[in-house]
Novice: 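What follows is a structure written as structure tokens; I'll ask about it next.
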Protein chains: 2
Amino acid sequence: MESIESYIKALIQMSGDGPVELRRNLLALHFGCAPSQINYVLQTRFNPESGYLIESRRGGGGYIRITKLNIDPRKCRILAFLEEVVGRGIDEAGATRLFTRLLEERLLSERETQICLAAVRRDTLDLPLPVRDLVRGRIVKAMVLALAKD
Amino acid sequence: MESIESYIKALIQMSGDGPVELRRNLLALHFGCAPSQINYVLQTRFNPESGYLIESRRGGGGYIRITKLNIDPRKCRILAFLEEVVGRGIDEAGATRLFTRLLEERLLSERETQICLAAVRRDTLDLPLPVRDLVRGRIVKAMVLALAKD
DNA sequence: CTATCCTGACTTTCCCTGACCTTCAACTCC
DNA sequence: GGAGTTGAAGGTCAGGGAAAGTCAGGATAG
């Protein structure tokens with residue numbers, strides 16, 4: 001387990017902290033474990049809270065791409081906040097405050113802020129409470145994390 | 001697959017973004033694949049969401065014509081498409097194609113594309129079908145309109 | 001005993017194919 | 001010259017194989 005984790009981290013370091021692509025089955029073969037074990041490692045060690053983003057594709061020529069998020073201290077607090085947002089949900093006013101703040105801190109451009117706000121407006125989602133605030137929470141988190149990648 | 005896609009795109013570029021005519025069987029021969037594979041590529045990569053129009057003719061002297069839709073008259077075409085998207089909903093693959101197309105057209109930056117894609121991912125929305133595709137449709141429309149607003 | 005690690009069976013997604021269908025132009029035959 | 005024939009295109013669809021995802025639950029370390 002430990003070894004899978006450090007193997008992947010070594011790969012990332014070798015690629016200069018850029019994105020790394022893996023083949024799940026090959027990696028499982030290499031470590032003599034079940035393929036689903038790879039998923040477990042990714043979920044527990046390479047999740048957003050640990051500063052990583054996972055993307056993947058199934059089918060022929062499938063892959064798993066791991067991107068190390070650019071984490072600075074400011075964003076650290078945001079990560080914790082995002083977790084809370086996903087758990088409890090967030091209302092439109094709260095989301096607006098968050099995006100406005102990110103705009104002020106120059107973490108979001110004007111256009112990006114407009115996109116984010118449009119995506120989570122009440123009449124865009126058009127769902128009954130409380131599910132609306134929960135869905136909004138997940139969207140907010142996904143969008144903010146997408147920015148931390150690069 | 002990838003290669004067929006980029007081959008066709010190269011053809012289009014060489015023709016100055018004008019219409020391009022292909023012979024399905026020749027292309028299949030050239031890439032050593034089944035002719036129906038060509039149809040698959042066309043359906044998944046050169047559909048209206050990606051901004052392409054396909055016309056074809058069977059029988060002797062048949063052909064497949066691919067036209068890259070110009071973004072200039074997009075004001076009407078995209079708006080009409082967005083209305084459709086809101087009515088019928090849109091799946092993740094369709095939304096991805098749309099945003100990728102907007103990125104290619106430089107109507108979206110790389111970062112903006114990432115935000116949009118993250119917002120409408122299946123596991124972000126985490127809603128049961130068919131409501132998931134409908135919500136995604138509304139979000140897609142809202143985000144695209146937010147961009148058009150300047 | 002509990003938390004963590006790990007697995008196998010099942011699911012989902014994506015690519016690709018072959019068998020069969022539809023359409024078109026040219027050709028034949030009267 | 002019109003009606004049927006025919007061969008050469010492209011279209012469609014169910015299904016198979018590859019690869020990753022999920023999840024309930026067993027195994028194990030502390």
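Numbered from 1 within each chain, the chains take letters A, B, ... in sequence-line order.
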Novice: Per the salt bridge (Lys or Arg N to Asp or Glu O under 4.0 Å) rule, what does the pair list look like for residues 36-47 of chain A, sequence neighbours excluded?
Specialist: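 For residues 36-47 of chain A: A:Glu5-A:Arg45.
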Novice: Both B:Asn39 and B:Asp123 contact DNA chain D. Taking the nearest nucleotide for each, which residue is further toward the 5' end?
Specialist: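 Result of the comparison: B:Asn39.
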Novice: Evaluate the side chain to side chain donor-acceptor pair (under 3.5 Å) criterion for residues B:Ser50 and B:Asn47: first the C-alpha distance (whole Å), next the side-chain angles of each, then the deciding distance (0.1 Å), finally the verdict.
Specialist: CA-CA 5 Å; B:Ser50 303; B:Asn47 48 28; 2.9 Å; yes
Novice: Is a salt bridge present between A:Glu49 and A:Lys141, judged by a nitrogen-to-oxygen distance below 4.0 Å?
Specialist: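 A salt bridge is present here (some side-chain N lies under 4.0 Å from a carboxylate O).
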Novice: For nucleotides 14-18 of chain C, give me every protein contact, N/O to N/O, under 3.5 Å, one pair per line with atom names.
Specialist:
{"residue": "C:dC15", "atom": "OP1", "partner": "A:Arg57", "partner atom": "NH2", "Å": "2.9"}
{"residue": "C:dC15", "atom": "OP1", "partner": "B:Arg45", "partner atom": "NH2", "Å": "3.0"}
{"residue": "C:dC15", "atom": "OP2", "partner": "B:Tyr40", "partner atom": "OH", "Å": "2.7"}
{"residue": "C:dC16", "atom": "OP2", "partner": "B:Gln37", "partner atom": "NE2", "Å": "2.4"}
{"residue": "C:dC16", "atom": "O5'", "partner": "B:Gln37", "partner atom": "NE2", "Å": "3.3"}
{"residue": "C:dT17", "atom": "OP2", "partner": "B:Ala34", "partner atom": "N", "Å": "3.0"}
{"residue": "C:dG18", "atom": "N7", "partner": "B:Ser36", "partner atom": "OG", "Å": "3.4"}
{"residue": "C:dG18", "atom": "O6", "partner": "B:Ser36", "partner atom": "OG", "Å": "2.7"}

Novice: Classify the side chain of B:Arg23 versus the base of D:dG10 as yes if they form a donor-acceptor pair under 3.5 Å and no if they do not.
Specialist: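 By the distance-only test, no, there is no pair.
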Novice: Salt bridge or not for A:Arg111 and B:Glu112, using N-O below 4.0 Å?
Specialist: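 B:Glu112 and A:Arg111: salt-bridged.
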Novice: Nearest whole Å is fine: how far is D:dA20 C1' from A:Leu22 CG?
Specialist: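 From A:Leu22 CG to D:dA20 C1': 12 Å.
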Novice: Could you tell me how far apart B:Ile54 (CD1) and D:dG10 (P) are, to the nearest whole angstrom?
Specialist: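 The distance from CD1 of B:Ile54 to P of D:dG10 comes to 13 Å, rounded to the nearest Å.
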Novice: Using a cut-off of 4.0 Å on non-hydrogen atoms, how would the nucleic acid contact of B:Asn25 be classed: base, sugar-phosphate, or nothing?
Specialist: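 The residue B:Asn25 makes sugar-phosphate contact but no base contact.
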Novice: Looking at A:Tyr52, I'd like to know if the NZ or CZ of A:Lys9 sits under 6.0 Å from its six-membered ring centre while staying within 45 degrees of the ring's axis.
Specialist: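 Cation-pi check for A:Lys9 and A:Tyr52: fails.
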Novice: Is A:Arg121 salt-bridged to A:Glu92, going by a charged N under 4.0 Å from an acidic O?
Specialist: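 Judged by the 4.0 Å cut-off on N to carboxylate O distance, A:Arg121 and A:Glu92 do not form a salt bridge.
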Novice: Using atom CG of B:Leu42 as one end and atom C1' of D:dT12 as the other, report the distance to the nearest whole Å.
Specialist: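 It is 14 Å, rounded to the nearest whole Å.
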Novice: Is the shortest heavy-atom distance from the side chain of A:Phe46 to the side chain of A:Ile12 under 4.5 Å?
Specialist: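 They are in side-chain contact.
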Novice: Within this structure, what is the CG-to-C1' distance between B:Leu29 and D:dA8, rounded to whole angstrom?
Specialist: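 These atoms are roughly 15 Å apart.
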Novice: Whole angstrom is fine here: how far is it from CG in A:Leu26 over to P in D:dA18?
Specialist: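 Going from CG in A:Leu26 over to P in D:dA18 covers 14 Å.
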Novice: Between A:Arg24 (CZ) and D:dT22 (C1'), how many Å, whole number?
Specialist: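 From A:Arg24 CZ to D:dT22 C1': 10 Å.
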Novice: Starting at CZ of A:Arg65 and ending at P of D:dA19, how long is that distance when rounded to a whole Å?
Specialist: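 Rounded to the whole Å, the gap is 18 Å.
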Novice: Under 4.0 Å, heavy atoms only, any strand: does A:Ile64 hit a base, just the sugar-phosphate, or nothing?
Specialist: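 Sugar-phosphate contact only.
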